[in-house]
Enquirer: 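Have a look at this one before I ask anything.
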Amino acid sequence: MPPASTSSRAGKKAEAAPPDQRPGGLPDAGSRRDRGARLLSWYDRHRRVLPWRAAPGERADPYRVWLSEIMLQQTTVATVGPYFQEFLRRWPTVLDLAAADLDDVLRAWAGLGYYARARNLHRCAVAVARDHGGRFPDTEAELRHLPGIGDYTAAAVAAIAFDRPAAAVDGNVERVLARVFRVEEPLPAAKPRLRALAGALVPEARAGDHTQALFDLGATICTPRRPRCILCPWQPDCAASAAGVQEDLPRKAAKAEKPTRRGTAFLLCDGDGAVLLRRRPETGLLGGMMEVPSTDWTGTVPGADAVRAAAPLPGIGWRPVPGTVRHTFTHFHLELEVLAGRVPQPAPSVPGAVWVPRAGLEAEALPTVMRKVLRHALAADAAGPDGDGLAGDGLAGDGLDEDEGADG
DNA sequence: GACTCGTGGGA
DNA sequence: TTCCCAAGAGT
């Protein structure tokens, strides 16, 4: 809900004054309305067509809006596209998703990252089905109570799906407003100020279009680098542009350096090429996803004792796979050495682990880092000195594409 | 507030 | 190669 405007003077249009002289101050009512009208006019001419968006004038489906907003958290439109379509195909309504098995949801989410989102997505669907009769609540406050829905998503769904006058402040909006009002304070300390500015701009009518207009403006005009100010409907109002400092805003606090963690992973195959996998703990990094067994990932190379203790079976003739699998998470780099081994048929059962046939790997809930490990180790295995063709024909069509994660 | 939590693409 | 970033939430 927008805070009350800070001024009652509404008509000082005689002065062609530069935009808000007080950096970071709230706009007066007159300039606010004018800005809002220009933004919506621009949006009507330049709105992007996206899979989750309703056609102009049509009502958005709250389920699609919510699903897209969860997927789009810290994730690009291009990445989300195929996942959104596939989820919609498999689970056309929130009730379908609520009835799905969590593991199926995790499998479908694999590769998209931030896997707590997938667990909360399912929990949220169940809550909507059980507590709200299968219909999303239409207020920001009620939405905010659902799993996986924070301040931003509650406002976005309320505005886009229900046209409520809510201020959805994401990275795009923060950037646009930090520039328009020349907010010099760095993020994240500037967030309260930016939220207040965003709230003051929300119109009573067409709040959903206003919200999406800000997204589009941030995505196509007011971009992080080289903003295209000449095309911006707010350029006449923009304090940063007037001062030529738009490229410097928003300022951001320095980030911590990423440490490197290291570990040893075990690729164990049976005589048919099936791979031994286990499920990670429900919470924490890659929570609930599948993985190949490995040592802990720590700041130092695991010693022989640690490697032996972490091996899924004793007495395996482990062969080192040449090279290193590298992967970068949000807050650390990971370097994995891989040991490959084999057991004869019939493969022994391993507590807490499962044998997955080669052809079934792609459908597993395997995060990208584990697909890198498998691709790396299986490729090396196929080309190994034994020439035993363990990988056989399994690589061409199993979707485990090689990337730059391995060297050697 | 400070951390944790993925991934892929672009400069 | 390295860094930055993308429609953030939970603890």
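Order of the sequence lines sets the chain letters (A, B, ...), proteins ahead of strands, with each chain counted from 1.
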Enquirer: With DNA chain B as reference, determine whether A:F332 or A:A189 sits nearer its 5' end, using the nearest nucleotide of each.
Expert: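 Comparing both residues, the 5'-ward one is A:A189.
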Enquirer: From the set B:dT7, C:dA7, C:dA6, return the single nucleotide nearest to any side-chain atom of A:L72.
Expert: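 Out of B:dT7, C:dA7, C:dA6, the nucleotide with an atom closest to A:L72's side chain is C:dA7.
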Enquirer: With no angle test and no hydrogens, is the base of B:dG8 tied to the side chain of A:T368 by a donor-acceptor pair under 3.5 Å?
Expert: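 Per atom types, no contact qualifies.
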Enquirer: Strictly below 4.0 Å: does A:Q74 bring a side-chain N or O up to OP1 or OP2 of C:dG8?
Expert: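 Answer yes for this pair, as a side-chain N or O of A:Q74 is under 4.0 Å from OP1 or OP2.
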Enquirer: NZ of A:K191 versus C1' of B:dG1: gap in Å, rounded?
Expert: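 Rounding to the nearest Å, NZ of A:K191 and C1' of B:dG1 are 12 Å apart.
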Enquirer: Under 3.5 Å, is there a donor-acceptor pair between the A:Q212 and A:R47 side chains?
Expert: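 The criterion, which ignores hydrogens and geometry beyond distance, is not satisfied for A:R47 and A:Q212.
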Enquirer: Compare the minimum distances between each of C:dA7, C:dA9, C:dC5 and the side chain of A:L50, then state the nucleotide with the smallest one.
Expert: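 Taking heavy atoms from C-beta onward, the closest nucleotide is C:dA7.
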Enquirer: Any idea which heavy atoms bring A:W234 and A:V180 closest together, and the distance?
Expert: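 Taking every non-hydrogen atom into account, CE3-CG2, 3.6 Å.
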Enquirer: For a quick check under 3.5 Å, do A:E335 and A:T260 share a side-chain donor-acceptor pair by atom type?
Expert: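 Checked: A:E335/A:T260 side chains show no N/O donor-acceptor pair below 3.5 Å.
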Enquirer: At under 4.0 Å, does any side-chain N or O of A:Y114 touch on OP1 or OP2 of C:dG10?
Expert: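 For A:Y114, the contact criterion (side-chain N or O under 4.0 Å from OP1 or OP2 of C:dG10) is not met.
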Enquirer: Using a 4.0 Å heavy-atom cut-off, does A:W52 contact any base of the nucleic acid, only the sugar-phosphate backbone, or nothing at all?
Expert: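 Since a base atom lies under 4.0 Å of A:W52, the category is base.
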Enquirer: Mapping A:R261 and A:R225 to their closest nucleotides on DNA chain B, which lands nearer the 5' end?
Expert: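 Taking each residue's closest nucleotide, the earlier one in sequence belongs to A:R261.
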Enquirer: Are the side chains of A:V354 and A:L276 in touch, meaning some heavy atoms are under 4.5 Å apart?
Expert: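 They are not in contact (no side-chain heavy atoms under 4.5 Å apart), so the answer is no.
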Enquirer: Could you check whether any side-chain N or O of A:H122 sits under 3.5 Å from a backbone N or O of A:L106, counting only pairs where one atom can act as donor and the other as acceptor?
Expert: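 Flag not set: sc A:H122 to bb A:L106 has no pair under 3.5 Å.
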Enquirer: Can you confirm whether A:F215 sits close enough to A:L72 that some side-chain heavy atom of one is under 4.5 Å from a side-chain heavy atom of the other?
Expert: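 The answer is no, as the side chains (C-beta and beyond) never meet within the 4.5 Å cut-off.
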Enquirer: Base, sugar-phosphate, or nothing for A:V369, non-hydrogen atoms under 4.0 angstrom?
Expert: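 Counting heavy atoms under 4.0 Å across all strands, the contact made by A:V369 is with sugar-phosphate only.
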Enquirer: If we ignore angles and hydrogens, is there a donor and acceptor under 3.5 Å between the side chains of A:E69 and A:Y152?
Expert: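 Yes - a donor-acceptor pair under 3.5 Å links their side chains.
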Enquirer: Using OP1 and OP2 only, check whether a side-chain N or O of A:T153 sits under 4.0 Å from C:dA9.
Expert: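 Answer yes for this pair, as a side-chain N or O of A:T153 is under 4.0 Å from OP1 or OP2.
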Enquirer: Give A:R175 one of three labels, base, sugar-phosphate or nothing, depending on what nucleic acid heavy atoms sit under 4.0 Å from its own.
Expert: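 Since only primed, P, OP1 and OP2 atoms lie under 4.0 Å of A:R175, the category is sugar-phosphate.
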Enquirer: When the P atoms of B:dA2 and C:dA7 are considered, how many whole Å apart are they?
Expert: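 These two P atoms come out 23 Å apart once rounded.
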Enquirer: Nearest whole angstrom, please: distance from the C1' of C:dG8 to the CZ of A:R195.
Expert: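 It is 12 Å, rounded to the nearest whole Å.
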Enquirer: Ignoring backbone atoms, establish whether A:K258 has a side-chain N or O less than 4.0 Å from OP1 or OP2 of C:dC3.
Expert: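 Negative; the distance criterion is not met.
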Enquirer: A:I70 near the nucleic acid: base, sugar-phosphate alone, or nothing, with a heavy-atom cut-off under 4.0 Å?
Expert: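 No contact at all - A:I70 keeps every heavy atom at 4.0 Å or more from the nucleic acid.
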Enquirer: In terms of side-chain heavy atoms of A:D170, which of C:dA7, C:dG10, B:dG6 is nearest?
Expert: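 My answer, after comparing the listed nucleotides, is C:dA7.
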Enquirer: For atom P, what is the distance between B:dG8 and C:dA9, given to the nearest Å?
Expert: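 Roughly 22 Å separates the two P atoms.
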Enquirer: How would you label the contact of A:G218 with the nucleic acid (heavy atoms, under 4.0 Å): base, sugar-phosphate, or nothing?
Expert: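 Contact class for A:G218: none.
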Enquirer: Rounded to whole angstroms, how far apart are CG on A:N120 and C1' on B:dT4?
Expert: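 Answer to the nearest Å: 14 Å.
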Enquirer: Rounded to whole Å, please give me the gap between NZ in A:K252 and C1' in C:dC5.
Expert: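 Rounded to the whole Å, the gap is 7 Å.
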Enquirer: Over all strands shown, is A:L214 touching base, sugar-phosphate only, or nothing at heavy-atom distances under 4.0 angstrom?
Expert: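 If one applies the 4.0 Å heavy-atom cut-off, A:L214 turns out to touch nothing in the nucleic acid.
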Enquirer: Taking 4.0 Å as the cut-off, does a side-chain nitrogen or oxygen of A:H331 come that near to OP1 or OP2 on B:dC3?
Expert: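 For B:dC3, neither OP1 nor OP2 has a side-chain N or O of A:H331 closer than 4.0 Å.
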Enquirer: Please compare A:T223 and A:R123 by the position of their nearest nucleotide in DNA chain C and report the one closer to 5'.
Expert: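 Its nearest nucleotide lies further toward 5', so the answer is A:T223.
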Enquirer: If we ignore angles and hydrogens, is there a donor and acceptor under 3.5 Å between the side chains of A:E337 and A:T264?
Expert: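 No, no side-chain donor-acceptor contact under 3.5 Å.
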Enquirer: Does A:R48 make a side-chain donor-acceptor contact with the base of C:dA7, cut-off 3.5 Å?
Expert: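 Side chain to base: pair present.
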Enquirer: Write down the distance between CZ (A:R326) and P (C:dT1), rounded to a whole number of angstrom.
Expert: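 Roughly 9 Å, once rounded to whole Å.
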Enquirer: Would you measure the distance from the C1' atom in B:dC5 across to the matching atom in C:dA6 and give it in whole Å?
Expert: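 Taking atom C1' in both B:dC5 and C:dA6, they lie 15 Å apart.
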Enquirer: Determine whether a donor-acceptor pair (one donor, one acceptor, N or O, separation below 3.5 Å) exists between the side chain of A:T330 and the base of B:dG6.
Expert: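 Side chain to base: pair present.
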Enquirer: What does A:G287 touch in the nucleic acid at a heavy-atom separation under 4.0 angstrom: a base, only the sugar-phosphate, or nothing?
Expert: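 Contact class for A:G287: none.
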Enquirer: When you get a sec, tell me which of B:dT7, C:dA6, C:dA9 is the closest nucleotide to the side chain of A:Y115?
Expert: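 That would be B:dT7.
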Enquirer: Rounded to whole angstroms, how far apart are CE on A:M290 and C1' on B:dG6?
Expert: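 Taking CE of A:M290 and C1' of B:dG6, I get 18 Å after rounding.
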Enquirer: Write down the distance separating the P atoms in C:dT11 and B:dG6, rounded off to the nearest Å.
Expert: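 My reading of the P atoms in C:dT11 and B:dG6 gives 14 Å.
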Enquirer: Expressed as a whole number of angstroms, how long is the span from A:K255:NZ to C:dC3:P?
Expert: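 So the two atoms are 11 Å apart, to the nearest Å.
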Enquirer: CZ of A:R280 versus C1' of B:dC5: gap in Å, rounded?
Expert: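 The distance from CZ of A:R280 to C1' of B:dC5 comes to 11 Å, rounded to the nearest Å.
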Enquirer: With a non-hydrogen cut-off below 4.0 angstrom, is A:P188 in contact with a base, only sugar-phosphate, or nothing?
Expert: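 Touches nothing.
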